[in-house]
4 protein chains.
Amino acid sequence: MSPKRVDKAARKQEILAAAVRVFARKGFAASRIDDVAEEAGIAKGSVYLYFDSRDALLEAAFSQYTADADAIVAQALNSTDPPLERLALLVRGTIDVIAGAPDLARTLLDLWATDHMRPAYKAYREAVAELIAQIRPGLGLPHATVIVGAIEGVVLQWLVDPEVPIADLAGPVLEVVVEGLRERA
Amino acid sequence: MSPKRVDKAARKQEILAAAVRVFARKGFAASRIDDVAEEAGIAKGSVYLYFDSRDALLEAAFSQYTADADAIVAQALNSTDPPLERLALLVRGTIDVIAGAPDLARTLLDLWATDHMRPAYKAYREAVAELIAQIRPGLGLPHATVIVGAIEGVVLQWLVDPEVPIADLAGPVLEVVVEGLRERA
Amino acid sequence: MSPKRVDKAARKQEILAAAVRVFARKGFAASRIDDVAEEAGIAKGSVYLYFDSRDALLEAAFSQYTADADAIVAQALNSTDPPLERLALLVRGTIDVIAGAPDLARTLLDLWATDHMRPAYKAYREAVAELIAQIRPGLGLPHATVIVGAIEGVVLQWLVDPEVPIADLAGPVLEVVVEGLRERA
Amino acid sequence: MSPKRVDKAARKQEILAAAVRVFARKGFAASRIDDVAEEAGIAKGSVYLYFDSRDALLEAAFSQYTADADAIVAQALNSTDPPLERLALLVRGTIDVIAGAPDLARTLLDLWATDHMRPAYKAYREAVAELIAQIRPGLGLPHATVIVGAIEGVVLQWLVDPEVPIADLAGPVLEVVVEGLRERA
DNA sequence: GATGAATGAGGATTCATTCAT
DNA sequence: CATGAATGAATCCTCATTCAT
């Protein structure tokens, strides 16, 4: 009858955060429910009070990631700043978000192996294509793919090698990309 | 002395190729030794006559991949062409190799989650840094990271979404990158 | 001293009734404490305030069943009616009780798999044997087993297939059995 | 390359027989795959080389049981003997088969709780109804249900209490049933 | 060499029971 | 009394690896 002390949603977040830490450390394939439970400081069975299955945990981690990423794209897309400004916003935003949540970013390695990112990247490319078309006619999806590639490729290298200074790379990405797209004489 | 029906090395290659096809289809985590054996048309136990373990198969797939990739880097690095030429060679070569072996490329998704690519990408970046330093002083590792990122990021998008026209993207990558690095007024 | 809102014993009965409904629906093996609690409209933990364990619930359901059944046998046994009359009473009584409590009857399927019915059936047979010995010398336990079998076998068929019209079968059972035991010329 | 020594089908039968023994001893619900494996003298995992799941094992046991039972019914049904003769055949056949395979019979307790016996008993009743209709007009499904009930009810009692002399009860069943169906003056 | 049956450790999931609130 | 979150033992099933033939 007494109101339960634990906030279900909060506890679910705790477990998810623990799971993300574990996934970041060992990758999803090597992560055991036991590991997640231990990281969260609870019993194995308790994980199942909040998530239906091991896969559901990965799904949730993915959702969290893509929600963040989508927000960045939406923000840049909906801004009224000039195109180059918005491109910069997109690049910096994406890299900042990723660099700011390294554990979550690490799940990207598993996320890429699923179908989850396909629509996200597609939307990402299309948004960028729309942006750069305003910079110079003739720019479109191919160049958008290169830009998205530069961003994600830099992230990829950082995931592969933590010594890559991800936080410092938004600038160089923009330099190359902005110059690369500049109106030719 | 009469050679056995099959050549050991050739049989090993067949199995590895079969494994790569399976890995490409389902990812390494979901690939069973049984699947590989069936794909290779041999019995499960026979796989162990050629590979010590399931992981050894992945290792071998990785080695095959990195050997190809290293050759490209080495070739571009050792060429006597002018720097921009060599950069173009690097970009086109990498993309061509990857696009030409989609199954092998798909193992990249698993390869990235290991430590295997760390030294490869490091060497790659350094080679590119050396190249671009010859194009314009002031260009170095950060910009090299962006260039490698653009290449690998384009590949990544293709792995995530096969509709991305990887084969057509060497051009756009070069356009952006070459312009992006051009001497500023 | 003021009686609590609910009467302990009444609440226990409610839970038991809920349990019997659940057992009837899914069988004991597939019935979860959660199911029983939900059916009873209480929390899972509360079941344990009234029953020591899951098995205790089954025990209680069994006791309820056998109590009813025993009463029938005792009644027929203690009656002063002529033997054939009492036999009819037994047959009709048993079938009526069972047909009147289908959910409880369904627990028979689980009850049979335990040792609980052994003494009950033994007593049942012996009572019937005593009855029929008064009808005709030479009749005894074997024929009693057949009679009990006919009754329980009809019930069994109804449990297996609800379309079997259990309520209409006391008559046919008696016809066969009474004729079957009749004094031969 | 050498032909395997083990006969897959034979091994499957061994495991099934072991499973049936275990089921007979503890009932299906309480039977573990480990128990079956141990009874069969093999490793747990090996059970899965021959049966897809624990349930498949029960299915197989059921099939074996119903196949035997169906054969009896078919035999009695297809015989050209006079009706009473065929009824006797049915009763004796059923009881002999069951008494001859006590372990398998014990699975009846679990079988009844499934839907598997519904069509079998229905067919059984209809076959008997057809038979007895030839004995005396007016006899039909209700009396057939009683007869099948007597047979199965006798078996039930034996399953509940092994001291019930099942093998000796075909006679009494027939006596009661045959007399019970006799033409009335 | 080749086979594929056998093994058994490993890990996901379930659920009866407990107990702090 | 009632609750329902937490527990962790129990058990199914998978599959890499071994090895007798």
Side-chain angles (χ1 to χ4, degrees), chain A residues 1-8 11 15 29-37 40-57, chain B residues 4-6 8 11 29-38 41-57, chain C residues 4-6 8 11 29-38 40-57, chain D residues 1-8 11-12 15 29-37 40-57:
Chain A
M1 205 136 284
S2 56
K4 285 299 135 184
R5 195 59 40 81
V6 290
D7 177 356
K8 295 266 290 189
R11 172 58 61 98
I15 295 174
S31 295
R32 310 285 145 239
I33 289 286
D34 267 318
D35 301 329
V36 172
I42 60 177
K44 180 178 16 179
S46 302
V47 173
Y48 287 90
L49 296 176
Y50 297 90
F51 294 91
D52 284 344
S53 69
R54 181 169 169 275
D55 279 323
L57 221 32
Chain B
K4 272 294 170 192
R5 187 97 26 53
V6 290
K8 274 282 273 191
R11 172 60 62 99
S31 296
R32 312 283 150 240
I33 290 286
D34 263 319
D35 301 328
V36 172
E38 190 182 19
I42 60 175
K44 187 195 341 204
S46 303
V47 173
Y48 285 87
L49 296 175
Y50 297 90
F51 294 91
D52 284 343
S53 71
R54 180 169 173 273
D55 280 322
L57 267 174
Chain C
K4 273 294 172 193
R5 187 98 26 54
V6 290
K8 276 280 272 192
R11 172 61 62 98
S31 295
R32 310 284 150 240
I33 290 286
D34 262 320
D35 301 329
V36 172
E38 190 183 17
I42 60 175
K44 185 191 348 196
S46 303
V47 173
Y48 286 87
L49 297 175
Y50 297 90
F51 294 91
D52 283 343
S53 72
R54 181 170 172 273
D55 280 321
L57 267 173
Chain D
M1 204 136 285
S2 56
K4 287 300 135 182
R5 196 59 40 80
V6 290
D7 177 357
K8 295 266 289 189
R11 173 58 61 98
K12 186 167 181 170
I15 295 173
S31 296
R32 310 286 144 238
I33 288 286
D34 266 318
D35 300 330
V36 172
I42 60 177
K44 179 179 16 180
S46 303
V47 173
Y48 288 91
L49 296 176
Y50 297 89
F51 293 92
D52 284 342
S53 69
R54 183 170 168 275
D55 279 322
L57 221 32

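Just so we're on the same page: letters track the sequence lines, and every chain starts at 1.
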When the side chains of residues 40-49 of chain D are checked against the rest of the protein, which donor-acceptor pairs come out under 3.5 Å, sequence neighbours left out?
none

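- In this entry the distance linking CZ of D/Arg32 with P of E/dT13 reads 19 Å, nearest Å.
- You'll find that the side chain of D/Ala43 is closest to E/dT7, out of F/dC15, E/dT7, E/dA5.
- The minimum heavy-atom distance between D/Lys8 and D/Tyr50, with the atom names listed, is O-CE2, 3.7 Å.
- B/Leu57 has its CG atom 13 Å from the C1' atom of F/dT17, to the nearest Å.
- The nearest whole Å value for the distance from the CD1 atom in B/Ile33 to the P atom in E/dA6 is 20 Å.
- Distance, B/Glu38 CD to E/dG4 P: 12 Å, rounded to whole Å.
- Using a 4.0 Å cut-off, some side-chain N or O of A/Tyr50 falls inside it from OP1 or OP2 of F/dA6.
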For DNA chain F, the expected dot-bracket line (Watson-Crick or G-U under 3.5 Å, [ ] crossing, | inter-strand) is .||||||||||||||||||||
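- One can place CZ of B/Arg54 at 9 Å from C1' of F/dC15, the figure rounded to the nearest angstrom.
- Where D/Gly45 and C/Ala29 each meet DNA chain E at their nearest nucleotide, the meeting point lying more 5' is that of D/Gly45.
- The distance between atom OH of A/Tyr48 and atom P of E/dA16, rounded to the nearest whole Å, is 17 Å.
- Side-chain N/O atoms of B/Lys44 and base N/O atoms of F/dT17 include a donor-acceptor pair closer than 3.5 Å.
- For B/Asp52, the CG atom is loosely surrounded, since the number of other residues' heavy atoms within 6.0 Å does not exceed 12.
- Between the C1' atom of E/dA6 and the NZ atom of D/Lys8 lies a distance of 11 Å, rounded to the nearest Å.
- Counting any heavy atom pair closer than 4.0 Å across all strands shown, B/Leu49 reaches a base atom.
- Closest-nucleotide positions on DNA chain F for D/Ser46 and C/Ile42 were compared, and the one nearer the 5' end corresponds to C/Ile42.
- Within the 4.5 Å cutoff, the side chain of D/Arg11 has heavy atoms near those of the D/Ile15 side chain.
- Taking the nucleotide of DNA chain F with the nearest heavy atom to each of B/Asp34 and D/Ser53, the more 5' of the two is matched to D/Ser53.
- When distances are taken from the side chain of C/Arg11 to each of F/dT17, F/dC1, F/dA2, the shortest belongs to F/dA2.
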